[in-house]
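Taking it in order: structure first as structure tokens, then the write-up.
Residue numbering restarts at 1 for every chain, and letters A, B, ... go by the order of the sequence lines.
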There are 2 protein chains.
Amino acid sequence: MPRSGDVVPDATVERLPLYHQALVELARTGETTVSSVKLAELAGVNAAKVRKDLSFLGSYGTRGVGYDVDFLTIQVSRTLGLTGDSSVVIVGFGNLGQALAKYGGFADRGFPVVAIVDADPTKVGTAVKETDGVVVQHVDELAKIVRSQGVAVGVIATPAESAQSAADALVGAGVQSILSFAPVVLDIPETIPWRKVDLATELQILSFYQARSGSLQHPA
Amino acid sequence: MPRSGDVVPDATVERLPLYHQALVELARTGETTVSSVKLAELAGVNAAKVRKDLSFLGSYGTRGVGYDVDFLTIQVSRTLGLTGDSSVVIVGFGNLGQALAKYGGFADRGFPVVAIVDADPTKVGTAVKETDGVVVQHVDELAKIVRSQGVAVGVIATPAESAQSAADALVGAGVQSILSFAPVVLDIPETIPWRKVDLATELQILSFYQARSGSLQHPA
DNA sequence: TATTGCTTGTTCTCAAATTCACAAACACGG
DNA sequence: CCGTGTTTGTGAATTTGAGAACAAGCAATA
Ligand SMILES: NC(=O)c1ccc[n+]([C@@H]2O[C@H](COP(=O)([O-])OP(=O)(O)OC[C@H]3O[C@@H](n4cnc5c(N)ncnc54)[C@H](O)[C@@H]3O)[C@@H](O)[C@H]2O)c1
Ligand SMILES: NC(=O)c1ccc[n+]([C@@H]2O[C@H](COP(=O)([O-])OP(=O)(O)OC[C@H]3O[C@@H](n4cnc5c(N)ncnc54)[C@H](O)[C@@H]3O)[C@@H](O)[C@H]2O)c1
């Protein structure tokens with residue numbers, strides 16, 4: 001019987017946010033319990049997989065009934081480490097950085113944007129009303145900002161050629177994880193988890209499956 | 001001996017864009033050949049994995065020497081189906097849609113944005129200079145646009161609640177693949193490959209590995 | 001309290017992916 | 001033309017993940 005102290009497989013970790021999202025939606029619509037079949041449908045995965053994934057967190061379902069939506073949400077959140085908010089700093093206030101800054105979906109999901117930095121002096125001083133008027137600061141202030149505000153996550157939205165130096169600055173400043181939109185592999189200490197979101201890569205993967213048309217759908 | 005006609009594993013397909021990117025970068029810096037070790041380093045993966053992945057495309061290396069950068073680039077491109085350009089239509093000209101529209105990285109990598117649509121009449125008519133002055137059109141024109149311009153890829157940048165109808169419209173219009181930024185599971189025919197990019201999901205996955213600090217790095 | 005119907009949790013089997021390890025193959029220098 | 005050093009391509013072993021199947025367990029109801 002796996003308990004929450006045991007390891008959770010990587011493949012499961014990647015799906016937990018899907019379940020979390022589905023659970024939040026269920027709670028919003030007033031559902032109090034949910035079966036693995038229903039949850040699987042909402043998350044777009046196999047029901048057996050849902051049950052196995054959830055069993056890694058503990059035995060939180062009730063046979064014949066299903067899972068309690070609120071309780072399961074808490075368990076998934078806890079496993080993902082979504083206890084309190086994790087503040088985010090955005091590095092690079094260009095096209096993408098501005099879109100991210102204005103986007104409310106981060107704060108809604110527990111990742112408030114508390115600071116924005118850029119290397120361009122002409123961008124420093126801009127206030128973003130969507131994020132409670134956070135003002136763009138210079139990248140040289142990064143370490144001070146991270147320390148004083150207890151920033152946990154750094155988001156890199158600089159051009160590819162500046163991404164490594166942005167990463168170095170974030171690591172030096174003491175952030176605990178990094179999400180990068182630059183299409184380059186970063187050299188980051190193993191102690192700091194990081195992920196990359198690369199749109200061109202996504203389009204190229206789609207291109208493959210499109211060429212092999214119909215042979216496989218959405219394998220993500 | 002696997003040939004290009006054989007199947008390429010999903011896990012390999014997901015990495016081919018990484019290699020492609022590294023190869024383009026190598027060519028830019030004037031390198032003519034590259035070893036699996038070097039390529040692995042650039043792509044951030046294991047060298048044996050690189051060799052096995054490439055072997056699915058065919059036997060294109062030279063023992064004792066490595067791979068010819070230009071030739072391998074062509075083979076990877078061909079496998080991914082990156083022969084000609086694939087035109088893209090962006091659905092939703094909000095924060096994210098505008099950032100995407102202004103971003104040059106799409107066209108650079110063979111995915112020119114040839115059209116943008118939105119449901120909001122006040123957005124219709126806006127011209128985006130970064131993409132050769134493409135003008136935002138109404139979403140009702142989607143089918144006509146896709147057919148007349150031979151659009152291959154649809155990018156969904158609408159709010160979550162409109163994403164399914166955007167997907168339906170794209171499918172109806174005849175696009176061949178879909179990339180969505182909305183944090184919802186879409187119901188799309190199996191014949192049309194689609195992928196989802198969800199930033200909150202990425203942050204939540206990072207949150208897990210951060211909580212289990214140091215036990216595992218960047219598993220993507 | 002016994003029965004019934006439903007859903008979980010887990011076991012088992014199969015498939016996919018990763019990694020190691022090394023023979024085969026090639027370039028090059030002497 | 002032969003030996004040497006290097007790097008590929010791929011078998012084989014191992015790890016990881018997926019999915020089917022079903023016994024175990026609970027609620028509800030009579
Ligand atoms: N815009 C998009 O839709 C989009 C899509 C996919 C990927 N990306 C990637 O996201 C990144 C940003 O794209 P963009 O379109 O916003 O670029 P951009 O040029 O509009 O903005 C980059 C910003 O980063 C700032 N910057 C540069 N070096 C910096 C440094 N060392 N420290 C701090 N700030 C620095 C610049 O001053 C600028 O404001 C790029 O790597 C791009 O490939 C963007
Ligand atoms: N902005 C970001 O940085 C960001 C980050 C992550 C995810 N997202 C996701 O991307 C999506 C868009 O985000 P955003 O911040 O750009 O939102 P937004 O509200 O700024 O823009 C949405 C746009 O879509 C248009 N639209 C609405 N319904 C439509 C329809 N049926 N057909 C065509 N157009 C329609 C609206 O008129 C609006 O212009 C959302 O799903 C959001 O969750 C955005």
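- Phosphate contact (OP1/OP2 of D:dT8, side-chain N/O of B:T62, threshold under 4.0 Å): absent.
- Between B:Y60 atom OH and C:dC26 atom P there is a gap of 16 Å when expressed in whole angstrom units.
- Rounded to an integer number of Å, the gap from A:L72 CG to C:dT8 C1' is 12 Å.
- Taking atom NZ of residue A:K38 and atom P of nucleotide C:dC6, one finds them 18 Å apart after rounding to whole Å.
- Between A:G64 and B:G61, it is B:G61 whose nearest contact on DNA chain D lies nearer the 5' terminus.
- Between A:F71 and A:Y60, the ring center distance clears the sub-6.0 Å criterion.
- Distance CG (B:L57) to C1' (D:dG9): 13 Å, rounded to an integer number of Å.
- For A:D68 and D:dC26, the CG to P distance is 16 Å, given to the nearest whole Å.
- For the residue pair A:T33 / A:D68, no side-chain donor-acceptor distance below 3.5 Å is found, with atom types taken as modelled.
- Put simply, the side chain of A:R63 and the base of C:dT8 share a donor and an acceptor less than 3.5 Å apart.
- Proximity of A:N46 to the phosphate of D:dA20: a side-chain N or O atom is located under 4.0 Å from OP1 or OP2.
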Within the sub-3.5 Å range, which N or O atoms of nucleotides 13-17 of chain C have a protein N or O partner, and how far apart are they?
unit_1, atom_1, unit_2, atom_2, d
C:dA17, OP1, B:A11, N, 3.4

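- Checked against A:V151 for a side chain to side chain contact (heavy atoms under 4.5 Å, CB included), the options A:V113, A:V114, A:V88 give a single hit: A:V114.
- One finds the OH atom of A:Y103 at 10.0 Å from the CG atom of B:N95 (value rounded to the nearest 0.5 Å).
- Checked against A:S36 for a side chain to side chain donor-acceptor pair (under 3.5 Å), the options A:K52, A:R51, A:K49 give a single hit: A:R51.
- For B:S59 and D:dG9, the shortest distance from a side-chain N or O to OP1 or OP2 is below 4.0 Å.
- Rounded to an integer number of Å, the gap from B:R51 CZ to C:dC22 P is 13 Å.
- You'll find the side chain of B:Q21 reaches within 4.5 Å of the side chain of A:T201, heavy atoms only.
- If you take CG of A:D53 and P of C:dT10, they are 14 Å apart, rounded to a whole angstrom.
- When all heavy atoms of A:L39 and A:A22 are compared, the pair lying nearest together is CD1-CB, 3.8 Å.
- Residue A:Y67 places at least one side-chain N or O under 4.0 Å from the OP1 or OP2 atom of C:dG9.
- The nearest whole Å value for the distance from the CG atom in A:L16 to the C1' atom in D:dG17 is 15 Å.
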